[in-house]
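Let me begin by presenting the structure, written as structure tokens, before commenting on it.
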Amino acid sequence: MKLTKYRITDMEAAKKETWFHPIKGRTVCIADIAETMTDTEAEIFHRGGCTVIEKLPEAALTVAKVK
């Protein structure tokens, strides 16, 4: 699933980011789940302080929907 509200800013840095995944019940590497990560998962990690996941501004979301 492709992220629409969040983005991963640096895949190299994401290889060093490990976080507890509350749905999977185990620690995961952000880079390993990047291709299948949902916006809900990204929001959890972003709110938890993950520095490689960035929320896209609302203006960017609107432009993306128009295209």
- [ ] For the pair Thr51 and Glu17, evaluate side-chain contact (heavy atoms from CB on, under 4.5 Å) and give the outcome as yes or no after the intermediate values.
- [x] CA-CA 9 Å; Thr51 58; Glu17 291 280 336; 3.5 Å; yes

Open item on the list: Are Leu56 and Lys5 packed together at the side-chain level, in the sense that at least one heavy-atom pair is separated by less than 4.5 angstrom?
Closed with: no

Open item on the list: Under the side-chain contact (heavy atoms from CB on, under 4.5 Å) test against Met37, which residue among Leu3, Ile44, Val28, Asp32 passes?
Closed with: Leu3

Open item on the list: Donor-acceptor pair, distance only, cut-off 3.5 Å: does the side chain of Asp10 make one with the backbone of Val52?
Closed with: no

Task: side-chain contact (heavy atoms from CB on, under 4.5 Å) between Lys15 and Ile30, intermediate numbers included - done: CA-CA 6 Å; Lys15 292 177 182 177; Ile30 297 299; over 6 Å; no

Open item on the list: Can you give me the closest heavy-atom contact between Arg26 and Phe20, atom names plus distance?
Closed with: N-CE1, 3.6 Å

Open item on the list: For residues Ile53 and Ile33: do they belong to one hydrophobic cluster (side chain heavy atoms under 4.5 Å, members Ile, Leu, Val, Met, Phe, Trp, Tyr)?
Closed with: yes

Open item on the list: Measuring from atom CD of Glu43 to atom NZ of Lys55, what distance do you get when rounded to the nearest 0.5 angstrom?
Closed with: 6.5 Å

- [ ] Decide side-chain contact (heavy atoms from CB on, under 4.5 Å) for Glu54 and Tyr6; before the verdict, give the C-alpha distance in whole Å, the side-chain angles of both, and the deciding distance to 0.1 Å.
- [x] CA-CA 5 Å; Glu54 177 180 79; Tyr6 293 86; over 6 Å; no

Open item on the list: Please find the pair of heavy atoms, one from Ala14 and one from Cys29, that lie closest to each other, and give the distance.
Closed with: O-SG, 3.5 Å

Task: Donor on one side chain, acceptor on other, Glu41 and His21, under 3.5 Å - done: yes

TODO: Might you work through the side-chain contact (heavy atoms from CB on, under 4.5 Å) test for Trp19 and Thr27, ending with a clear yes or no?
DONE: CA-CA 5 Å; Trp19 288 79; Thr27 302; 5.9 Å; no

